[in-house]
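Note sheet for the following structure.
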Amino acid sequence: MGRILLENVTKSFGDAQVIPPLDLVIDDGEFTVFVGPSGCGKSTLLRLIAGLEETSSGTITIDGLDVTQVPPSKRGLAMVFQSYALYPHMTVRKNIAFPMRMAGLSQAEQDKRVMTAAKSLNLVDYLDRKPGQLSGGQRQRVAIGRAIVRDPTAFLFDEPLSNLDAALRVGMRLEISEMHKRMQTTMIYVTHDQVEAMTMADKIVVLQAGVIEQVGSPLELYRSPCNLFVAGFIGSPKMNFITGTEAANRHAHTLGVRPEHIAVSTQTGAWTGRVSVSEHLGSDTFLHVHETGLADTLTVRTNGEISFKHGDIIHLTPREEMVHRFDAAGLRIS
Amino acid sequence: MSNRTLPRLLQTPAVLLLLIWMLIPLSMTLYFSFIRYVLNSLRRPEWTKPSISNWRGFGNYEFVLNNKDFILAIQNSLLIVCSILFFTVIFGILIAVLINKSFPGRGVVRVLLISPFFVMPAVNAVLWINMILDPVLGLQGLAVGGLNDAIEGLRNAPLVGGFFSLWPDFAPISFRATQTSAIAVIIMVTWQWTPFAVLIFMTSLQSEDQQQKEAAILDGAGAWSQFRFLTLPHLSRPIAIVVMIQAIFHLSLYAEIEIVSRGNGNKNLPYLIGEFANNNIGAASATGIFAVILANIVAFFLLRMIGKTLME
Amino acid sequence: MAIVAHHSRFSKIAWPVLAWIVALLFFFPIFWMLLTSFKTDADAVKPEHLLFFTPTLENYANMTENYDYWRFATNSVIASVMATAVTLFVGIPSAYAMAFNPSRSTKDMLMWMLSTKMLPAAGVLYPMTFLTKNILGIFDTHFLIILVLSLINLPIVIWMLFTYFKEIPRDIIEAGKMDGVSTWGEIREILIPLAWGGIASTALLCFIFCWNEAYWTVRLTTTDAATLSKLIEGNRAPEGLFFGRLSAVSTAAVGPIVVLGWFCQKQLVQGLTFGAVK
Ligand SMILES: Nc1ncnc2c1ncn2[C@@H]1O[C@H](COP(=O)(O)OP(=O)(O)OP(=O)(O)O)[C@@H](O)[C@H]1O
Ligand SMILES: [Mg+2]
C-alpha cells in the first residue's frame with residue numbers, strides 16, 4: 001500500500017508562500033515525477049510529504065492515515081537525497097543497516113536484509129568500505145539500499161541522479177525503473193531531466209511557482225499539454241510558438257508546433273525561412289530557422305542525413321494534426 | 001508535540017545558565033551601586049551591611065565621576081585595547097605575508113610563532129616584567145649595563161675614544177612607573193596575541209584566489225598594487241574578526257595590569273574596580289556599571305559590524 | 001604559480017631568513033624562560049652567566065618545596081578537565097539545536113551569548129564573592145571554580161561547536177530523521193561522530209582557556225581550589241631574587257599547554273573565527 005493524499009497543503013517560509021493551497025493524489029504503486037523550473041517548490045513538496053518540513057496548513061494522508069503531525073521516521077517513507085547523505089563514519093554495511101538498527105530489528109534479520117539489498121544492487125564487494133571510498137554511482141546505490149531495507153510504503157527521490165555523469169545516469173535510471181517494476185511500491189521522484197521524467201514516470205506533475213500546472217501520463221502531457229507553460233516545458237527541443245495572423249487563421253491566439261512535427265523541403269512548403277545554424281547530433285539535425293515571419297526562430301528537427309548551410313532558404317510544413325492551439329490566456333483549445 | 005520542540009528545547013540549559021550568570025551578579029551590582037556600602041568603617045559601622053536603608057541614589061556614581069582616577073582608567077582602558085589592536089593587526093598582516101610562501105622549515109616557524117598565544121597571562125606578565133623588562137636584573141637592565149660598559153671601554157680606546165667620550169651613559173627604563181607600565185602591558189599582550197592574528201590572516205591568505213592574482217599580474221599590477229587592491233580587501237573580514245575577538249578578551253584585561261604595576265602605574269577600568277572593591281563596594285559597583293555600559297557600547301558596534309557576515 | 005616564480009635570488013634567501021628571525025624573536029621569551037629555569041637563582045641574574053652556565057635541575061626538584069607546585073597543578077587539572085567536560089555537556093546540545101533547528105531568534109541568541117563575554121568580570125566580582133562566600137558558602141571550592149570556568153567559556157564553546165556543526169550537511173541529519181533516529185540518537189550516532197574533530201579541538205581550546213584563566217581563579221580561591229594562575233600571581237613578590245625557580249615553575253605551568261596548542265593550531269583558527277576564515 002502507499003496511497004498519498006495532499007489536501008489544501010500550503011507552505012510558507014516566513015512571509016513567502018512557496019506552496020499555495022495544493023491538492024494531489026498519488027496512487028498506490030505509482031511512479032510519480034515532479035518536474036518544474038528551478039525554485040518552483042519540487043523539493044519543498046517532497047520534503048512536506050517526507051515530514052522534513054512542517055506544513056503551514058492542510059493535511060497529508062498516507063493510506064488513509066492523517067500524518068500531518070507525524071514525525072518523518074513514523075511515516076514509513078524512505079528518502080534518497082541528491083547528495084546521497086550517507087553517514088561518512090559508517091561502513092556501507094552499517095549505513096544500510098542503520099534504519100533497521102534504529103527500528104530495533106534483530107541482528108540476524110538485519111544481516112539478511114543487508115545481504116539481499118547488497119546483492120540486488122551489486123554492492124556485495126563493498127560492504128566493508130566507507131562511503132568516501134566509493135564512486136558516485138556506488139554511493140547512490142548504497143543510499144537506495146538504505147531506503148530499500150526499510151521496506152517503506154513509498155520511496156521519495158530528490159534529484160538522485162543529478163550528481164552522476166551522463167553514462168551512469170542512464171544505467172541508474174534503468175535500475176530504478178526496474179526496481180519499481182519489481183517492487184510495485186509507490187515512488188515519488190523529483191528531477192530536472194526531461195528524459196528521466198518521460199521514461200520513468202507513470203504520472204508527471206508539472207509545477208510552477210508552487211502551483212500544479214498539469215498532472216498526467218508522460219504521453220498525455222506530450223500530446224495534449226493543457227497550457228503554454230506545460231507545452232513549453234515538456235519536450236526537447238522546446239515547442240515553437242507562433243502568434244499573429246498564422247495563428248488567427250486557425251482561430252487561436254498562439255500556435256504550438258513541436259520541432260519534430262515540421263517537415264522540411266527545398267522546393268515547396270507552407271512556410272519559408274533561412275537557416276541560421278544547423279546542429280548535427282548524428283541521429284538528428286536541429287535547424288534554427290530565421291526570417292519566417294512567424295517567430296524569431298523556428299526550431300526544426302530532421303533526420304541526421306540532411307545538411308544545410310548557413311543562409312540556405314528552406315520550406316517548412318507543419319503536420320496539421322499535431323499543431324496545438326492556445327487561447328489568449330494561454331489555455332489549450334481542443 | 002511538534003517534532004521541532006525537543007530539539008529546540010535543548011538550548012535552554014545553556015541559555016538559562018548564561019542568563020543567571022549574567023543577571024544575578026549584575027542586579028546585585030546595580031543594587032550595591034545605589035547604596036552606601038563599605039567593608040570597614042569604624043565611624044559608620046551601619047554602612048558595612050548592604051542594607052536598603054543606606055540608599056545613596058546616584059551618590060556613588062557622582063563620587064566615581066569626580067574621581068580623577070576614573071577618567072584616567074577609561075583613557076587607559078581604551079589606550080591599551082586600541083594600541084594592542086593596532087599593533088597585532090599590523091604585525092599580524094606583515095608576518096602572515098612573510099610566511100605565506102613556502103620555504104624550508106615553515107612548519108617549525110609556524111609552531112614557534114604560535115607558541116606565545118598559549119602562555120598563561122600570569123606567566124606572560126611575570127616573564128616580561130621581571131626577566132625581560134626589569135631595569136636592573138632583566139635582560140633590559142643587563143643589556144643597558146653591557147652597553148654602558150662597552151662605551152666606557154671605548155672611551156679609553158685610541159682614536160675613537162674622543163668620539164665616544166661625548167656619548168652619555170644610557171639609563172634603563174623602569175616599566176613599573178605610571179606612564180611606562182601601560183607600554184609594558186601593551187608589549188606583552190601584543191606579543192601574546194600577534195600570533196593569533198598571524199594564524200588567522202595566514203589561513204585567510206591561503207584561500208586567496210590565485211587566478212585573480214595572476215590576472216592582476218597580467219594586467220600589470222605590481223607587488224604593492226596586488227597587496228593593496230587584492231590582498232588587503234580579502235583580509236578585511238579576518239581583520240574584523242581579529243578585532244572582535246581581541247576586544248572581547250582585552251576589555252577585561254586584569255592579570256597583566258595587576259602584575260606589572262600593582263596599582264602604582266596605569267590602571268584600567270577593571271583594575272580600578274578591583275581597587276575600589278578593597279573597601280568601597282558602592283563605588284566599585286558604580287564603576288562596574290560604567291564598565292558594563294562601556295562594554296555594551298563596544299559590543300554593539302562590533303557585533304553590528306561583524307554579526308552579519310558571520311551568520312551566512 | 002608559474003608567474004610568481006621569477007624572484008631575485010636575494011629575495012629567495014632573504015625571505016625565509018627574515019621569517020626565521022621573526023619566529024625566533026617571538027619564541028625568544030619562552031626560550032629564555034626555559035633556559036633560566038635550568039640556572040640557579042644566583043646565576044640567573046649574572047650577566048656573565050647569560051648563556052654559559054652549569055645547567056641544574058634543582059629548580060624543578062625544589063618546585064614542591066618552594067611553591068607547593070603539585071597542589072596547584074592538580075587543582076588546575078581538575079578544574080580545567082571538569083569545566084571542559086561540563087561546558088561540552090551543556091554546549092553540544094545547545095549548539096546542535098541552534099545549528100539544525102534554528103528559529104528566528106537563533107542568531108540574536110548567539111550574539112547575545114557572545115556579548116556576555118564582554119561584560120567586565122570586575123564589575124561583578126564583588127557580588128560574586130559576596131554570594132559565594134556569605135550566602136552559598138562555596139567560595140574556594142572546586143565546584144565553584146568548575147562552574148565559573150564552564151560559564152565563562154560556554155559562549156565561545158557554543159559558537160565554535162555551532163560553526164563545526166554548520167558544516168555537517170543538513171541532508172545527513174535529515175537522512176537520520178527519515179531512518180528513525182531520535183533526537184538523542186541524532187546527537188550520539190550522527191552528530192558527535194561526524195563533528196568529532198571539531199569537538200575535540202573545541203575541547204582542547206576550552207581546556208587551554210580554563211587552564212590560563214587568571215581572574216576568577218585568583219579571586220574566588222584562597223588555598224583549597226587555587227590553580228596555577230594563583231600560584232604565579234601570588235608568588236611574584238620576591239621574584240627578583242628567584243628568577244631560576246620562578247622560571248621553572250612558570251615553565252611547568254605553561255609547558256604542557258603550549259605543546260597542546262601546537263597540535264590544535266589549525267582547528268583553532270577555524271573554530272575561533274567561527275568558520276568565517278577558511
Ligand atoms: N528553508 C527555506 N527558507 C526559506 N525559503 C526556502 C527554504 N527552502 C526553500 N525555500 C524557497 O522555496 C522555494 C522552493 O524551493 P525548492 O527547494 O522547493 O525548489 P526546487 O523546485 O526544489 O528547486 P531546484 O530545482 O533548484 O532544486 C525557493 O524559492 C526557495 O528559495
Ligand atoms: Mg530541489
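Proteins come first, then strands; the chains are lettered A, B, ... in the order of their sequence lines, and each starts at number 1. Just so it is clear, the values below take in all heavy atoms, side chains as well, and ignore hydrogens, waters and symmetry mates.
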Where do C/Ala175 and A/Ala85 come nearest, in terms of heavy atoms and distance? CB-O, 3.7 Å
Any side-chain heavy atom of A/Pro88 sitting closer than 4.5 Å to one from C/Leu194? yes
Quick one: CZ on C/Arg170 to OG on A/Ser83, what's the gap to the nearest 0.5 Å? 12.0 Å
What do you reckon, is CZ of A/Phe13 surrounded by more than 12 foreign heavy atoms closer than 6.0 Å? yes
Heavy atom to heavy atom, less than 4.5 Å: which residues from residues 92-106 of chain A reach chain C? A/Phe98, A/Pro99, A/Arg101, A/Met102
Any donor-acceptor pair under 3.5 Å from A/Tyr87 side chain to C/Gly176 backbone: yes
Please find the pair of heavy atoms, one from C/Gly180 and one from A/Ser73, that lie closest to each other, and give the distance. CA-CB, 3.0 Å
Scanning both residues in full, the closest heavy-atom pair of C/Ile172 with A/Leu86 reads CD1-O, 3.2 Å
Are any side-chain N or O atoms of A/His89 and backbone N or O atoms of C/Trp196, one a donor and one an acceptor, separated by less than 3.5 Å? no
Roughly how far, to the nearest 0.5 Å, is the CG atom of C/Asp171 from the CG atom of A/Asp158? 8.0 Å
State, yes or no, whether a side-chain contact exists between A/Arg75 and C/Met178 at a heavy-atom distance under 4.5 Å. no
